[in-house]
Amino acid sequence: MASQRMKTLLSNAAEELGVLSILHSSRDTKLLCLQRFTRLFAYGASTLILALYLSSLGTSDAGIGLFMTLTLLGDVVISFLLTLVADGLGRRRILILGAALMSASGVMFAISGKYWVLVAASIFGVISPRYVAACLYIQKASS
Amino acid sequence: MSSGNEIGPFRAIEESTLAQLTPTAIRSDVFAWYTLFGNAGTACGTMACGWVVQRLLSRGQWSEVSAYRFIFAVYAVLGLLKLALSVMLSDKCEPEPPTQQYQEVVQLDSVEAEGLLSDDEDIEEETPKKPEAPPPEMKRRSIWPVISPQSQSTLFKLCLLFAVDSLASGLAPLSWMTYFFNRKFNLPEGQLGTLFFVTNIISSISNLAASSLAKRIGLIKTMVFTHLPSAIFLALIPLPSTAWLAMTFLILRSCTQSMDQAPRQAFLAAAVLPSERTAVMGFVNVVKTLSQSGGPVATGYLAGIGKFWIAFLVAGAMKASYDLGMLKMFLGYKSREEEDETGKRVNGRVDGETENGHA
């Protein structure tokens, strides 16, 4: 009896939290969620060390601040343009393009230390400093 | 942190696709899990990266530059993984072709129904009123999206509100909060790290609760009733002079601070036509990002003159006014999908009343 009640409790909880919705969702939905996890995993890793990497390459604090502003603005423009044409050109194509750019910019960061190369790579690859990390850095730099 | 905004085209496209793939009833669930996956991803990635870099550097053989480059190499590999996942997506992710709608209109006109449906069908801005629809090829040729007038006005109001909320988020970002706690109460970095890790976990889990709430009282009410308390707690944080009380307010705030994210995206998806979603979401992201970027500068200035608390108070007040604005402007708003359905369904509402009528 108790196990029956436990099962009902669990299945009610599962339904409340939407577990069933996600488990029964289509393959595409699951793929998209996995993509998001992968992407943000990569983002979390890169964003943690972006400012540190630039600093270790010898960039000045002001240079780092500029980097962050430029990539923020560049990212905003590029992302917006890509979303505008996504439906027209094909959503999957743009997602694939975005992933390719992401990968390419990772390669650029791994092999090059030149400031402007990195700026370009991070704009096109949408590598962004975590917004808050940027603030922390700028705050530290200005104090 | 709290506005959960991410730069890049992916989110808008993914969310628009998800909205298309998911029936309205479970959309808030799916969005909640989608958001959760995102938060989990960032948390795991940050942690893994920190751990890996520390290990590499502690051995003494890797230089700092090499260690960081290794991470970026991993980043590149993850990009390829993501590419593979994108390739595996099916046709269903693409925007639905307009052909189906045209066929419906032609059938209705030819059957000469008693006019039950014809008026509602005309609400579809893209579907012309004449029985002969323009050939689908003409629509396909333009890759730029067309936003219907009704969506434009909705979008304008939403962007205004989101801008206020994002600016407020920018006024109180995570790094300023850690700085505040450090300055005022002399909390060391380790404790701060734990504190904010806890708040992160709590707000991630709360996403799921949001979806469960949204199914009961509707998207708008969920958004407002969860976001409003967190705004109030945010405003209260600078007031106490004891650390534990301030930390309590912080934790209480984190319980509900991101509960409005998934419902917000679900609402946005429902508020515009499917063909407009990607563009609209992309645009909204731009608005949010740009508004948010104005915040830290103001807080920096206030911190410099010792008036840190004003930033939090103002941020809380702005978020509260965003909530009240949402409530006033969008309570009872009918989603575009529900408008398109037959006129017989009179009370289809997004804000909380289900078709069966219980709120």
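The sequence lines fix the lettering, A, B, ..., with proteins before strands; numbering per chain opens at 1.
Each of Ser16(B), Gly282(B), Ser86(B), Pro23(B) has some count of heavy-atom pairs under 4.5 Å with chain A, and the biggest count is that of Ser86(B). With chain A as the partner, the residue from Val77(B), Leu208(B), Val74(B) showing the most heavy-atom pairs under 4.5 Å is Leu208(B). With chain A as the partner, the residue from Ala32(B), Ala210(B), Ala279(B), Cys44(B) showing the most heavy-atom pairs under 4.5 Å is Cys44(B). In terms of heavy-atom pairs under 4.5 Å with chain A, the best-connected choice from Gly45(B), Ala12(B), Ala48(B) is Gly45(B). Comparing Thr278(B), Leu78(B), Ile26(B) by heavy-atom pairs within less than 4.5 Å of chain A, the highest count is held by Thr278(B). Most heavy-atom pairs under 4.5 Å with chain A: of the set Ala209(B), Ser90(B), Ser212(B), this distinction falls to Ser90(B).
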Donor-acceptor pairs are to be reported for all side-chain atoms of residues 112-119 of chain A against protein atoms at under 3.5 Å, with residues two or more places apart or in another chain.
from, atom 1, to, atom 2, distance (Å)
Ser112(A), OG, Lys114(A), N, 3.1
Tyr115(A), OH, Gly63(A), O, 2.6
Tyr115(A), OH, Phe67(A), N, 3.2

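Residues Leu273(B) and Glu276(B) meet the side-chain proximity criterion, which asks for heavy atoms closer than 4.5 Å. Residues Leu21(B) and Leu32(A) are in side-chain contact: their nearest non-hydrogen atoms beyond the backbone lie under 4.5 Å apart. Residues Glu14(B) and Arg39(A) are in side-chain contact: their nearest non-hydrogen atoms beyond the backbone lie under 4.5 Å apart.
Aromatic pair Tyr53(A)/Phe72(B): centroids less than 6.0 angstrom apart. Within the 6.0 Å centre-distance limit, the rings of Phe80(A) and Phe283(B) are counted as a close aromatic pair.
Using a 4.5 Å cut-off between heavy atoms, Glu15(B) does not touch chain A at all. When heavy atoms are compared at a cutoff of 4.5 Å, Ile111(A) approaches chain B solely by way of its backbone atoms N, CA, C and O. With a 4.5 angstrom heavy-atom cutoff, Ser66(B) does not touch chain A via any of its atoms. With a threshold of 4.5 angstrom between heavy atoms, Leu80(B) approaches chain A through its backbone and through its side chain. With a threshold of 4.5 angstrom between heavy atoms, Ala40(B) approaches chain A through its backbone and through its side chain.
Applying the salt bridge (charged side-chain N to carboxylate O under 4.0 Å, His left out) test to every pair with at least one member in residues 29-44 of chain B, sequence neighbours left out, gives these pairs: Asp29(B)-Lys215(B).
Geometric assessment of Arg36(A) against the ring of Tyr34(B) yields a positive cation-pi assignment under the 6.0 Å and 45° thresholds.
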